Amino acid sequence: MAEVVLESIYKRFGNVTAVKDFSLNIADEEFMVFVGPSGCGKTTTLRMIAGLEEISDGVLKIGDRVVNDVPPKDRDIAMVFQNYALYPHMNVHQNMSFGLRLRKTPKADIERRVGEAAKLLQIDHLLERRPRELSGGQRQRVALGRAIVREPKVFLMDEPLSNLDAKLRVEMRASISKLHRRLGVTTVYVTHDQVEAMTMGTRIVVMKDGLIQQVDSPINLYDKPVNKFVAGFMGSPAMNFLLGNVQNGHLKSPQFDLAPSGDLAPKLKALEGKKVYVGIRPENLGLRGMSAIEEGDNIIKAQVEVVEPLGAETHILASVGGDQTLVARVDSHAQVAAGDQIDLLADLGFLHVFDMESEANLRYT
């Protein structure tokens, strides 16, 4: 196994810099997830690790070896692609063993590796079938199996679940996580889906416009986002953002007067009289009279626009002041309807405030 170290990596396409000053240490046996919107540079970074894209500047190490100029086949990595990349004229066994046969691996060793990987992935009964005879989930398992038999130092996965339906994605997420725990191979996983990132990663790299925004554990990214972009990207439904003014330590607008508590209160003094973004997650809002949140200087007045009953909970989409919206996750038995005027209680212990210019989170700066 091996650690992967990226030191001040840049990737330029002509005048466009796709990845900027990317520095990261991926520990041996770690499951690292790159996440961000389309075009943020996550796949380009993965392809530089794989050797499929040339590095413009910086140093890339796999284990103790600098691999900037090492061909992909000699980097001891295995990659799983979004489109599976299976050979349609070969059966499952032939697809899984193809790379080993190219390396002239002894036949007995090939049979052992393919057999073990197929059993691990529960596709040992499919070895004689061709890709067209397999479901999407089965094809993805074959692609994983082809990577496993290589017994590489590093697995690279580029949105491997994006072509699967929602139910199958949940199953495959669990399968890949269990596979990683069992094999212990250093894994770098690219996705645009923050749910995948949160449920699978040991740590997560959040990217935007080619730059790292934050590297942290899933729970820290959720609870302690360093800026407005990370706060809004991680979480489903996303964090709510409302415009407010700092006045005498309170966050005010015509629709609310919030009194932040704890270490946030003194930090607001430097922004007295200025506008800020007020952030609150949907689960930290409750309906007045139907919530365990204690009532005080924490009421947000809103008008219900859409009610989404989801069984275990209800989502309320509401407008605040007519030009801003928020989502509240409330009890499934909440009796509200579109057009209702409601009072929402904000749990002030989970309130975030972001600077208007830098968008930095005041709690963690």
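Here the structure is a predicted model, which is why all the values come from computation and not from measurement. Along the sequence shown, residues carry numbers from 1.
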Please answer: with hydrophobic residues joined when any side-chain heavy atoms are less than 4.5 Å apart, are [X] and [Y] in the same cluster?
X: V278; Y: L271; result: yes
X: I49; Y: L52; result: yes
X: L243; Y: F256; result: no
X: I293; Y: L351; result: no
X: L285; Y: M290; result: yes

Checklist entry - Above 12 or not: heavy atoms from other molecules or residues under 6.0 Å from CD of Q247? => result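 Enclosed.
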**OP:** State whether the number of non-hydrogen atoms from other residues, nucleotides or ligands found under 6.0 Å of Q341 atom CD is greater than 12.
**Re:**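 Result for CD/Q341: enclosed.
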Pair listing, salt bridge (Lys or Arg N to Asp or Glu O under 4.0 Å) test, anchored in [range], at least two apart:
range: residues 58-67; result: E7-K61
range: residues 221-238; result: none
range: residues 130-141; result: none
range: residues 86-99; result: none

Does any non-hydrogen side-chain atom of [Y] lie less than 4.5 Å from one of [X]?
X: N361; Y: N227; result: no
X: R101; Y: Q94; result: yes
X: I62; Y: D76; result: no
X: M207; Y: T45; result: yes
X: I176; Y: L161; result: yes
X: I300; Y: L326; result: yes
X: L242; Y: S253; result: no
X: E305; Y: T325; result: yes

Under the side-chain contact (heavy atoms from CB on, under 4.5 Å) criterion, do Q140 and V80 qualify, and how do the steps go?
CA-CA 9 Å; Q140 189 54 267; V80 180; 3.4 Å; yes
Checklist entry - Got a sec, which pairs hit side-chain hydrogen bond (donor to acceptor under 3.5 Å, both in side chains) with one end in residues 262-273, sequence neighbours left out? => result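 Applying side-chain hydrogen bond (donor to acceptor under 3.5 Å, both in side chains) to every pair that reaches into residues 262-273, excluding sequence neighbours, yields D263-R363.
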Applying side chain to side chain donor-acceptor pair (under 3.5 Å), name anything that partners [X], two or more places apart in sequence or on another chain.
X: T202; result: none
X: R173; result: T199
X: D193; result: R169

Residues [X] and [Y] bridged, charged N to O under 4.0 Å:
X: K107; Y: E111; value: no
X: K301; Y: D343; value: yes
X: K42; Y: D158; value: no

I'd like to know if the side chain of [X] and the backbone of [Y] have a donor-acceptor N/O pair within less than 3.5 Å.
X: D21; Y: S8; value: no
X: E171; Y: L168; value: no
X: N95; Y: Y87; value: yes
X: S135; Y: Q138; value: yes
X: T105; Y: L100; value: yes
X: T187; Y: V185; value: yes
X: D340; Y: A337; value: yes
X: R281; Y: G235; value: no
X: R129; Y: V92; value: no
X: T186; Y: E29; value: yes

Establish, for the pair K11 and F13, whether the NZ or CZ atom is under 6.0 angstrom from the six-membered ring centre and no further than 45 degrees off its axis.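 That pair qualifies as a cation-pi contact.
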| Does one side chain, of E159 or Y189, offer a donor that lies under 3.5 Å from an acceptor on the other? |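 Per modelled atom types, E159 and Y189 side chains form no pair under 3.5 Å.
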Polar side chain donor-acceptor pair, D331 to H333, under 3.5 angstrom
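There is such a pair between these side chains.
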Sequence neighbours left out, what passes ring pair (Phe, Tyr, Trp, His ring centres under 6.0 Å) with [X]? Give chain and number order.
X: F155; value: none
X: F229; value: F233
X: H180; value: F31

Let me confirm one number: the [atom1]-[atom2] distance from [X] to [Y], rounded to the nearest 0.5 Å.
X: L344; Y: L287; atom1: CG; atom2: CG; result: 6.0 Å
X: R103; Y: I110; atom1: CZ; atom2: CD1; result: 11.0 Å
X: D209; Y: T17; atom1: CG; atom2: OG1; result: 11.5 Å
X: S38; Y: H192; atom1: OG; atom2: NE2; result: 6.5 Å
X: N68; Y: I55; atom1: CG; atom2: CD1; result: 4.0 Å
X: S332; Y: L310; atom1: OG; atom2: CG; result: 9.5 Å

Margin query: Please evaluate residues R288 and I342 with respect to the criterion side-chain contact (heavy atoms from CB on, under 4.5 Å), reporting the C-alpha separation (whole Å), side-chain torsions for both, the decisive distance (0.1 Å), and the verdict.
Written below: CA-CA 8 Å; R288 189 178 190 181; I342 57 172; over 6 Å; no
Under 3.5 Å, sequence neighbours excluded: what are the donor-acceptor pairs made by side chains of residues 142-152?
from	atom 1	to	atom 2	distance (Å)
R146	NH1	A85	O	2.8
R146	NH2	Y84	O	2.8
R146	NH2	A85	O	3.3
R150	NH2	I77	O	2.8

So D355 and V276, side-chain contact (heavy atoms from CB on, under 4.5 Å) or not? Walk me through it.
-> CA-CA 5 Å; D355 183 87; V276 293; 5.9 Å; no
Original post:
Looking only at heavy atoms, which two atoms of G339 and Q303 are closest? And how far apart?
Top reply: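 Shortest heavy-atom separation between G339 and Q303 comes out as O-NE2, 3.6 Å.
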request  = Decide yes or no on side-chain contact (heavy atoms from CB on, under 4.5 Å) for V114 and L127, but give the supporting numbers first.
outcome  = CA-CA 9 Å; V114 171; L127 293 176; 4.3 Å; yes
- Is the centre of the F22 ring less than 6.0 Å from the centre of the Y10 ring?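 Aromatic pair excluded; centres sit 6.0 Å or further apart.
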